[in-house]
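Each remark here refers to the structure printed beneath this line.
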Amino acid sequence: MNVVIIGLGYVGLPLAQEAARAGLRVTGLDVKQATVDGLNSGRSHVDDLTDADIATMIAQGFRATTDPAGCADPDVVVICVPTPLSESDGPDLTAVRAATHSAGTLLRPGTLVVLESTTYPGTTDEVVRPLLEKASGLTAGIGFSLAFSPERIDPGNKRYGVRNTPKVVGGLTPACTQAAADFYARVCDTVVLAKSAREAEMAKLLENTYRHVNIALVNEMAIFCHELGVDLWDAIRCAATKPFGFEAFYPGPGVGGHCIPIDPNYLSYKVRAELSYPFRFVELAQEINSRMPGYVVDRAAEILNRDAKPLNGARVLLLGVTYKKDIADQRESPARPIARKLQQRGAVLSYHDPYVQSWQVDGRDIPRAGSPAAQADLTILLQPHACYDLDAIAAAAHLLFDTRGTLSGDGVFPL
Ligand SMILES: NC(=O)c1ccc[n+]([C@@H]2O[C@H](COP(=O)([O-])OP(=O)(O)OC[C@H]3O[C@@H](n4cnc5c(N)ncnc54)[C@H](O)[C@@H]3O)[C@@H](O)[C@H]2O)c1
């Protein structure tokens, strides 16, 4: 089986790895020459795959290209390109459209095309299908199969990957769903059939919106629990002992990554555009979560104030600037708006992160501290990477603001 994966990032590359491991002949198509050259010479650019993994994939027949002509005769084409927000915070499907056009030029009778990029319900049918039909001259559901399968990659997760995370598939027709299910059964242990592509698209947005809303709930609670003198982390620990009906979410300095801050907007856009009313839960969650960086900075000023020190001129050390622990990905990380606001208020910043060798905010280099225990007037723990010795950090810090609820003791201030 010839498989073409369009978009070799955090999503496409692990899928390519699993498909190559399953014995499929995999070609990766990407627009970035540097990505393609790196992969073909055995270099990984994503956290979850090592250079040795890429070497194994190459030995299994994987290769990458920027040229659609180098992907002839695919049985399956999977689209894993980015779906960012536009200037007006609406969906930006530029990459999906371009990748779909490339896929359309590769189609032959019987090919299966799957969209994995997160997007609003209806995209597969209303955007992808017409482009494929125009480029190929074939009809979806008759000449070729078309489906949506939400991607569920969790970067840095050592327990769940492409193979053992159940895969939802929904096709344009029941036959398309079955064609997609047959393909994914080769690379995933469990395949879940959705009623159609729209339900599969909605399932992904439901998953992400659920996280977004629940994180906003505990973030809002963290703010008033601080004022009420209640330890919210301890309350969550107690609530989480209930064996049914509760899932623990934790407050933090803001949400980051490619998914949670972005994808729910795709859903609220669709509701507003088609039904002319707001998806209030998403908009409220967006408002609360996006205010967290400002709250962190206000709290930093309050903590320094106890030491009779103004934020203006204070040396502030930020620990962990990636959007998630134990990975290098900085996309949408709340560390950046926090650093920006601290600088605006006159703080003298430094940072430490074992995964980030140099860090710029608004084009300015932030000095990298030699150690997470470096001296500062205030240390703010943003990301408790597993390699951090938190007790040593707490012992060395003059004042430690812990935005993750991982530490306690004198001189430690929780969010
Ligand atoms: N990263 C995650 O944790 C995650 C999780 C769930 C869902 N998603 C979704 O998966 C999709 C892909 O995300 P990602 O994190 O893999 O993005 P990414 O930026 O890591 O990778 C996307 C790749 O697609 C390439 N690309 C862009 N336009 C292209 C085109 N026209 N043709 C070929 N290649 C093209 C880029 O060069 C890049 O290498 C998004 O819709 C995202 O929302 C991501």
Side-chain angles (χ1 to χ4, degrees), residues 4-17 27-40 43-49 54 64-71 74 77-86 91-106 113-121 123-124 127-128 131-132 135 148-157 160-162 165 167-168 200-201 203-212 255-267 322-333:
V4 171
I5 294 175
I6 307 185
L8 298 171
Y10 281 86
V11 169
L13 207 54
L15 177 65
Q17 179 189 35
T27 307
L29 179 65
D30 203 287
V31 284
K32 280 196 197 130
Q33 191 66 52
T35 298
V36 164
D37 291 345
L39 290 170
N40 285 334
R43 275 198 317 278
S44 174
H45 61 289
V46 306
D47 288 302
D48 289 344
L49 278 85
I54 304 297
T65 179
T66 54
D67 182 6
C71 309
V77 180
V78 187
I79 300 172
C80 307
V81 296
T83 43
L85 294 178
S86 66
D92 178 353
L93 294 180
T94 312
V96 168
R97 286 200 176 85
T100 301
H101 177 77
S102 302
T105 62
L106 300 172
V113 180
V114 184
L115 177 65
E116 285 212 6
S117 303
T118 306
T119 181
Y120 59 79
T123 307
T124 308
V127 178
V128 174
L131 287 170
L132 289 174
F148 182 83
S149 179
E151 181 294 321
R152 282 173 159 171
I153 288 288
D154 183 19
N157 192 326
Y160 289 106
V162 172
T165 305
K167 194 84 173 109
V168 173
E201 290 162 333
K204 174 70 190 181
L205 292 177
L206 172 60
E207 289 166 19
N208 282 359
T209 304
Y210 168 80
R211 279 187 62 71
H212 192 50
V255 290
H258 192 300
C259 293
I260 305 299
I262 292 174
D263 300 345
N265 286 332
Y266 272 67
L267 194 46
T322 59
Y323 88 83
K324 194 176 177 187
K325 67 187 260 194
D326 302 335
I327 61 167
D329 196 342
Q330 296 175 41
R331 287 182 292 184
E332 311 291 329
S333 172

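Atoms within a ligand are numbered from 1 in the order they appear, just like the ligands themselves.
Checking each of Thr119, Asn208, Thr83 against Asp263 for a side-chain hydrogen bond (donor to acceptor under 3.5 Å, both in side chains) leaves exactly one that passes, namely Asn208.
Checked against salt bridge (Lys or Arg N to Asp or Glu O under 4.0 Å), Lys204 has no partners two or more places apart in sequence or in another chain. The salt bridge (Lys or Arg N to Asp or Glu O under 4.0 Å) test applied to Lys324 returns Asp154, not counting sequence neighbours. For Asp47, the side chain to side chain contact (heavy atoms under 4.5 Å, CB included) test picks out Tyr10, Ile327, Ala328, Asp329, with sequence neighbours left out.
One side chain, Thr94 or Asp92, offers a donor N or O that lies under 3.5 Å from an acceptor on the other.
Around ligand 1 you find Ile6, Gly7, Leu8, Gly9, Tyr10, Val11, Leu29, Asp30, Val31, Lys32, Cys80, Val81, Pro82, Thr83, Ala95, Ala98, Ala99, Ser117, Thr118, Glu151, Ile153, Pro155, Lys204, His258, Cys259, Asp263, Arg331, each with a heavy-atom distance below 4.0 Å.
In the displayed structure, Tyr210 atom OH is contacted under 6.0 Å by more than 12 heavy atoms of other residues, nucleotides or ligands.
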